[in-house]
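Numbers restart at 1 for each chain; the letters A, B, ... are given by sequence-line order, proteins then strands. This one's a predicted model, so the numbers in the text were calculated from it and none came from an experiment.
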Amino acid sequence: MKALLEEIRQRLRHDVIQDACAELDGASDGGHHARTLPFDVSLSRPGFGDASSNAAFLLAGRLKMSPSDIARAISAKYNERNPLGGLVVRSVPHPSGHVNFEADWAQLSEIILSGAGLDTFGDSEIGGGTPVTVEHTSVNPNKALHIGHVRNIIIGDTVSRILRKSGHAVKVLNYVDDSGLQVADVVVGFRHLGFSMDPPPGKTFAQYCGDEIYVKTTQRYDSDPSLEGLRRDTLREIEDGSTEAAKLAGVITRRVLADQLQTCWRLSVYYDCLNFESHIIRSGMWGAVFDKLKDMNLVDLDRSGGKNDGCWVIRDAHGAGAGRGEDTGISDGSSGSSGSSNARAIRKESPPEENRDKVIVRSNGTATYIAKDIPYAAWKLGLVDDPFGYVRYDVEQPGGTTLWQTALGRSDGAMNFAGERVITVIDSRQSGLQRIVSDLMGRFKSSGSAYVHLAYESVTLSSDTARALGMETDKRQAHMSGRRGLYVDADSVYEELRKKAAAETLKRHPDMGDPDVARISRDISVGTIRYEMIKQDLDKVIAFDMERSLSLEGDTASYIQYAGARASRILEKAGREPPDAVDFGLLGGEDAEVALIRAIGSFEMAVEDAARNLSPKVVARYCHDLAVSFNAFYERSRVLGLDDPGLEDARLYLVRSFRFAVTRALGLVGISAPDVM
RNA sequence: GGGCCCAUAGCUCAGCAUGGAUAGAGUGUUGGACUUCUAAUCCAAUGGUCAAGGGAUCGAAGCCCUUUGGGCCCGCCA
């Protein structure tokens, strides 16, 4: 389909518009219009040909004529100039002013359907081999993953797959905050509150830590405020690195991480490297970056005598001043520092600026939370010397890629995980802080868009599901809370879905063996979870409802998988491969056939759309539309048992192409398409 | 007080970046289609002042401004 649009675009640009203008209005400069008109050629909606251009609307203003008349002239000129050959049969003007085009489906079908079987089907080169580093997951290693984390993980993994498909060289990181307060909390629990190191039967270590230790320890803080000091001390000991507390923290976080990775791997999510915060802290990267910030005048030592006195701060980090419009002016060229200090002087005249400043080093000399993100961001962009060694992770990662982890002072090989672009997947509550990091990276590296915070709205619990977890709420939704134990565990959701999918599969195939049922129900439950997490836009809050999420009908992964299984069954029953050469002109007797071919042929455009906008939803919707087209075809056009062997061959070829296409499209969002359901 | 995001059918959402033809799905409700390549499917009916108001445009669900309602963020916590 992309070839069709490109052909029309070029012919319009080349001579059609120019000649049509000359004919309509001899005085106008048709050549100028042809060169400068920002017209578009896109796929038509059903009933209006195959492709459509808005050129006539745009010319209407310039020529002071009605779009309808101009459309007529363009179509006439197109047909006159291109009487034969090419993918377009004819151009047809529409009274509304759209210029429509009808494709030569015999030719186009052959291109599309033969392409669908290739390994490169849907590949795009828009990435041009650019190294891109994606970071996602990054869950504190003191708890099992809940359904809110799953959204992050699936978005991150799917975006990575899409970028890879569109020609980017992608590396995927998972940041492990193994020395934060949340880890300190479980260490306090194990060391001082008498919890056993062994989880109860039926729970993973990660679930045990999150459900029991973390929740109960934070409850104890509330009833016994004196523990607060213990918590502080423990955090310091962990950051120190050489203490007993640090060793215990290391053991706990490694065990929790191992469980978290099992959950991720089960969902077909894989990584290239695990980055440990403790390594970042001990690497000395912060000092180097802090010096650079000081050199570049991006931080100030606050001497105002106000509440931030004695702290290093980033001025005007919050509020309107952080907007991107202002940045381009300041960061542009070498006059940057004078420009920014000038702007700063002006700002100081308005009184309450102080609370817009962001403290990054406390008056006692320690770095704040956001300060840890800054060197890491710079490292991801390759802006600092890499202090890490890399060793293989202890457990082999399924999926074929090697999983590395950072190390200090030892290394199994030289690695480079830096990207020209960096995409960090974090929920939108962090947008404020991420904006600061992003702005700083823009100053470090002149291209301002190199560091992207890919934000998404959170997952909340529907009132029904919240109630089922023991929380009474009169609101429509409730926010999850790790501290209060109010969340839905990812493994449990998977397990519920798997049981339901297995039951549904057995209902249809009572004699099927256990391994097959297991494989199919796994594909369905993984697919269902992944699809639910990406099918809507990133800026929509998802109110997770346990009941509703178990549905396998309608706009779900299983709908799409089912269409694939139906296609497989036809191919199986046919008992033969379609011939290499079929008469593609026979496909088109039914509208559903053309619609299906058109859907198959739109894959590459969906990939590019998704990659450009970092939008997994685009591919999810593509998969759904593809399945809808196939089901319509399936209902209307019989494939097997036709009297017409030529038509049967052609339709069989179409079915096989669809089967390839749906497998690849689902694969792009990390979903397998089973042959039988 | 400042900032970010959302508002389209009873419910959950596409469409908005790049304005153009009859605003689409799913779900729900009602009715219909399995002796046929799998009914996890399909067909039909039902359901919309695109939050409100204003502006620019030949033309707005989409762009600009204002307002309302909702969510989130704004600590020398992490």
Side-chain angles (χ1 to χ4, degrees), chain A residues 38 40 42 44-45 47-48 52 54 56-58 60-61 66-67 94-98 100 140 177 180-184 235 302 307-313 317-323 352 355-356 358-366 368-370 372 427-433 435 455 457-458 460 476-477 479 501 504-505 507-509 524 535-543 545 548 551-556 558-559 561-563 565-574 609 612-613 615 617 621 624-625 627-628 631-632 634-641 651-652 655 676-677:
Chain A
D40 188 45
S42 54
S44 309
R45 44 202 301 181
F48 296 96
S52 171
N54 63 349
F57 293 114
L58 302 176
S66 82
H94 189 273
S96 64
H98 290 270
N100 295 334
N140 282 311
D177 182 0
L181 199 60
Q182 294 200 16
V183 169
L235 180 62
D302 191 302
K307 69 185 179 85
N308 291 339
D309 192 64
C311 299
W312 287 88
V313 300
H318 302 293
N355 52 21
R356 290 194 164 176
K358 184 70 201 172
V359 173
I360 63 163
V361 175
R362 302 181 186 100
S363 52
N364 68 7
T366 58
T368 57
Y369 170 68
I370 184 176
K372 292 173 188 167
D427 79 75
S428 61
R429 287 174 300 193
Q430 298 264 8
S431 292
L433 292 179
R435 164 64 66 77
E457 281 293 340
S458 30
T460 62
R476 306 184 111 169
Q477 51 186 246
H479 287 275
E504 293 289 328
T505 306
K507 206 190 286 176
R508 290 163 179 79
H509 308 280
I524 292 172
K535 78 174 179 187
Q536 50 204 333
D537 216 339
L538 304 184
D539 55 21
K540 289 285 198 298
V541 176
I542 295 180
D545 185 272
R548 220 176 44 227
S551 168
L552 298 175
E553 291 167 13
D555 186 10
T556 60
S558 47
Y559 174 90
Q561 291 170 316
Y562 184 70
R566 279 177 144 183
S568 291
R569 174 53 65 94
I570 293 176
L571 294 165
E572 182 196 319
K573 287 237 164 141
D609 186 358
R612 262 192 270 270
N613 297 299
S615 181
K617 162 198 72 176
R621 300 204 74 82
H624 180 257
D625 293 346
V628 167
N631 278 327
Y634 185 90
E635 299 288 336
R636 297 201 55 173
S637 303
R638 242 198 116 66
V639 177
L640 302 179
R651 286 186 176 167
L652 203 54
V655 170
V676 182
M677 277 177 73

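Listed pair Tyr559(A) / C42(B) meets the phosphate criterion, a side-chain N or O lying under 4.0 Å from OP1 or OP2. The phosphate of A78(B) has OP1 or OP2 within less than 4.0 Å of a side-chain N or O from Arg362(A). Here Tyr369(A) does not reach the OP1 or OP2 of A78(B): none of its side-chain N or O atoms lies under 4.0 Å away. Put simply, Arg435(A) has no side-chain N or O that comes within less than 4.0 Å of OP1 or OP2 on C74(B). For the OP1/OP2 pair of C72(B) and a distance below 4.0 Å, the side-chain nitrogens and oxygens of His479(A) include at least one atom meeting the criterion. Listed pair Lys372(A) / C77(B) fails the phosphate criterion, with no side-chain N or O lying under 4.0 Å from OP1 or OP2. Distances shown here put a side-chain N or O of Asn308(A) below 4.0 Å from the OP1 or OP2 atom of C76(B). Contact check, Gln182(A) against A78(B): no side-chain N or O comes under 4.0 Å of OP1 or OP2.
Looking only at atom types and distance, the side chain of Asn631(A) has a donor-acceptor partner in the side chain of Tyr559(A) under 3.5 Å away.
If you check A21(B), C37(B), G2(B) against the side chain of Lys573(A), the one that comes closest is C37(B). Nearest to the side-chain atoms of Thr368(A) among the listed nucleotides U36(B), C76(B), C73(B) stands C76(B). With A78(B), C72(B), C76(B) as the choices, the nucleotide that has an atom nearest any side-chain atom of Lys307(A) turns out to be C76(B). Taking every side-chain heavy atom of Glu635(A) into account, C42(B) is the closest of A21(B), C72(B), C42(B). Closest to the Glu457(A) side chain, of the nucleotides U36(B), U22(B), G71(B), is G71(B). The side chain of Lys540(A) sits closest to A14(B) out of A21(B), A14(B), A39(B). When distances are taken from the side chain of His98(A) to each of A21(B), C76(B), A39(B), the shortest belongs to A21(B). For Asp539(A), whose side chain is taken as the heavy atoms from C-beta onward, the closest listed nucleotide among C5(B), C37(B), A78(B) is C5(B).
Rounded to whole Å, the distance from CG on Leu538(A) to C1' on C6(B) is 14 Å.
Residues passing the side chain to side chain contact (heavy atoms under 4.5 Å, CB included) test with Gln477(A) are Thr460(A), Val541(A), Ala543(A), sequence neighbours excluded.
Looking at Ser363(A), its side chain comes within 3.5 Å of the base of C76(B) through a donor and an acceptor atom. Side-chain atoms of Thr556(A) stay outside donor-acceptor range of the base of A40(B), with no qualifying N/O pair under 3.5 Å. For Asn631(A) against A39(B), a side-chain-to-base donor-acceptor contact under 3.5 Å is absent.
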Give the dot-bracket line for RNA chain B from 5' end to 3' end: parentheses for intra-strand Watson-Crick or G-U pairs under 3.5 Å, square brackets for crossings, | for inter-strand pairing, dots for unpaired. (((((((..((((......[...))))((((((.......))))))....(((((..]....))))))))))))....
What does the B/S/- profile of nucleotides 23-29 of chain B look like, 5' to 3', with a 4.0 Å heavy-atom cutoff to protein? -SSSS--
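Across the C1' atoms, A52(B) and G69(B) are found 11 Å apart, a figure rounded to whole Å. Taking atom C1' in both G15(B) and A21(B), the straight-line distance is 15 Å, to the nearest Å.
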